[in-house]
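Note that these values count all heavy atoms, side chains included, but never hydrogens, waters or copies made by symmetry. Since the structure is predicted, the reported quantities are computational estimates derived from the model, not experimental observations. Just so we're on the same page: letters track the sequence lines, and every chain starts at 1.
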Protein chains: 2
Amino acid sequence: MDLIAVVVAVTDHAPSVLTVGPANALPSGPFELGHRSLQFGLRTWVEQQTGHQLGYIEQLYTFADRDRIGEERQQRVISISYLALTRAEHAAGSAKRAWRSWYDYFPWEDHRSGAPSLISGILQPRLLAWANGAGQDVERRERLQRAAIAFGFDGRDWNEELVLQRYELLYEAALVEEATRASEQGGSILISGTSMIADHRRILATGIARLRSKIKYRPVVFELMPPVFTLLKLQRTVEALSGRLLHKPNFRRLVEQQDLVEETGETTADTVGRPAKLFRFRHAVLDERVAAGTKLPLSRA
Amino acid sequence: MDLIAVVVAVTDHAPSVLTVGPANALPSGPFELGHRSLQFGLRTWVEQQTGHQLGYIEQLYTFADRDRIGEERQQRVISISYLALTRAEHAAGSAKRAWRSWYDYFPWEDHRSGAPSLISGILQPRLLAWANGAGQDVERRERLQRAAIAFGFDGRDWNEELVLQRYELLYEAALVEEATRASEQGGSILISGTSMIADHRRILATGIARLRSKIKYRPVVFELMPPVFTLLKLQRTVEALSGRLLHKPNFRRLVEQQDLVEETGETTADTVGRPAKLFRFRHAVLDERVAAGTKLPLSRA
DNA sequence: TTCAATTATGCTCCAAGTGAGTATAATAGA
DNA sequence: TCTATTATACTCACTTGGAGCATAATTGAA
């Protein structure tokens, strides 16, 4: 039984993921008898292994691949993956681990300067070719539609939450390195981002998708912020995570009217332009607020 | 390694969960080597065990309790829980299993006829007593706030998604039978709903919460509907799941403007009053639509 | 000293979405 | 024929979210 962690921090406009070893791998370790619980086990050895105190931890997914068979005992290896949020400063240095921007692994996911040319230049034509290579006509149309929805072709909106769907499409179309491992044909077209060992990039995609979704209805961003920050810093962090730019006045309105932060009374001094007020997270909201957001047409009756 | 299933169907205004054995238990079984994947394993033996074809399946949570220790080998038992949706008619009869309304287990969750008197009559005073029994004043206030948010005290809105939080509060306050098992004091006040073996009621609460949340942004209700239905039937199903009443005109508007259904051309004949048009689910939406719902103040720039 | 550049902050507008109520249509049964 | 009952359509007010503009406060260069 393995525990695998997607540990995320945001440093200077780059959303980073913690990797270990020379190859690109997510930190992982066995679940041991001494551990009080799964979460506690994860917390323990991530701190041992990387010197990182984890703040927010959330379970992602449990899987048991066919490939993942233990050697001696005839037993399937189960992997339980987690998403963890922390701040990069929390760590002491070590040669074995490194922070790396998650856009190294998913370059098509960063739309802060518009849609990357990688998409229209390379991914789109190859995905279309893959779709048209389908045997049946129904299958062909289905592939075209999936690609169009996931990547926003044909004038569709970009949906930043579809990280996993996009990765899976590229995998099926053999446009990521992992897809060509099993077959003997070997590295045909290694265009799309840095790959990781085993299925770690897929797990990372799951984590990013979960985080991009979660920041919209739970105040988890603050786990990635220093104790005191400006509203623009907060905005830049959300932008780094979601991979898109936000409308400044509306972002402030959203944050303020939800009472997520309070002024410290101080202002920044080190920047150009008008000094910004400094804020801190109102920890009380963690108790007060609960994910509201009903989409059902309720009746008061 | 165990797989545990929360199998849900809706029959005649009652949201039902599939239980097995004389005691109240969720169907569960071991994950075996022959199984292609976890989901496949679950599907296989639920069908064997209960004769039920499962439609939609979704992983809930994986846990490894301290209590859950295997006998011979010194190894922790891992449980992976799933939410599965089906239709009650899909099954052949069997003495070993039974459908049971989930409001038998959580009577405080059904608000279709207003807030149950159980809440204000029994739960609220006992929860307040429990909160006031806290040692420290901070702890006391925290308990009061948690209870108020979860159950909608002090004029707060009822949030139907907080199923798990409510169950956990009642557990902490020793108002459900499960809480008194470990201690020797034994059955003090078994007021709150039918209990289940081990932690199955907690898993059921997780499943209900997930489903109540999911119906708001994904068209999963249709997994519980017959192929053809009226809009009112559909509404009643959603109401059964969410435990609250919906506004009829607005519910129709929501369903229609999202193009979730299409007319069959037929109408009902067997009912009183004006015959209703019959609809079927537009399966195409599963491909077309993707959970939209952005809450970030995006910028087109 | 003045002005341009830059960042911060506050405000308005408009369109879409959502809660709520009302009106009309079509059936069965008294 | 009238009444009860269910279905269906429409209107209205209010909130929310995207977008743009105006003003404030600072730094640094002309």
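Using modelled atom types, one side-chain atom of R244(B) and one backbone atom of W158(B) make a donor-acceptor pair closer than 3.5 Å.
If you measure from atom CZ of R252(A) to atom P of dG20(D), you get 18 Å, rounded to the nearest angstrom. Rounded to whole angstrom, the span from the NZ atom of K233(B) across to the P atom of dT8(D) amounts to 13 Å. Taking atom CD of residue E256(A) and atom C1' of nucleotide dC11(C), one finds them 13 Å apart after rounding to whole Å. To the nearest angstrom, P of dG17(D) lies 14 Å from CG of L246(A). The separation between R253(B) atom CZ and dC10(D) atom P is 13 Å, rounded to whole Å. If you measure from atom CD of Q235(A) to atom P of dT7(C), you get 12 Å, rounded to the nearest angstrom. Atom pair R244(A):CZ and dA19(D):P shows a separation of 10 Å (rounding to whole Å applied). For Q258(A) and dT16(D), the CD to P distance is 10 Å, given to the nearest whole Å.
The side chain of K248(B) contributes an N or O atom lying less than 4.0 Å from OP1 or OP2 of dA7(D).
Residues H13(A) and A240(A) share a closest heavy-atom pair of O-CB, 3.7 Å. For the pair P116(B) and P107(B), the tightest heavy-atom approach, listed with the atom from each and the gap, is CG-O, 3.7 Å. The shortest non-hydrogen separation linking V285(B) to P219(B) is CG2-CG, 4.4 Å. Taking both residues in full, the closest heavy atoms of L224(A) and V10(A) are given as CD1-CG2, 4.1 Å, listed atom of the first, atom of the second, then distance.
Few gaps surround CZ on R143(B); more than 12 heavy atoms of other groups in view lie less than 6.0 Å from it.
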Determine, stepwise, if the pair L85(A) / L211(A) fulfils side chain to side chain contact (heavy atoms under 4.5 Å, CB included). CA-CA 9 Å; L85(A) 306 181; L211(A) 185 52; 4.0 Å; yes
Distances under 3.5 Å only, N/O to N/O: pair up the protein atoms with those of nucleotides 21-23 of chain C.
from	atom 1	to	atom 2	distance (Å)
dG21(C)	N7	H247(B)	NE2	3.1

For nucleotides 25-27 of chain D, tabulate all protein N/O to nucleotide N/O atom pairs closer than 3.5 Å, reporting atom names and distance.
from	atom 1	to	atom 2	distance (Å)
dA25(D)	O4'	R274(A)	NE	3.4

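Side-chain contact check for K248(B) versus L232(B): some heavy-atom pair is nearer than 4.5 Å. In this structure the side chain of F153(A) reaches within 4.5 angstrom of the side chain of Q124(A), judged on heavy atoms.
In this structure, L231(B) reaches neither bases nor backbone, as no heavy-atom distance under 4.0 Å exists between it and the strands shown.
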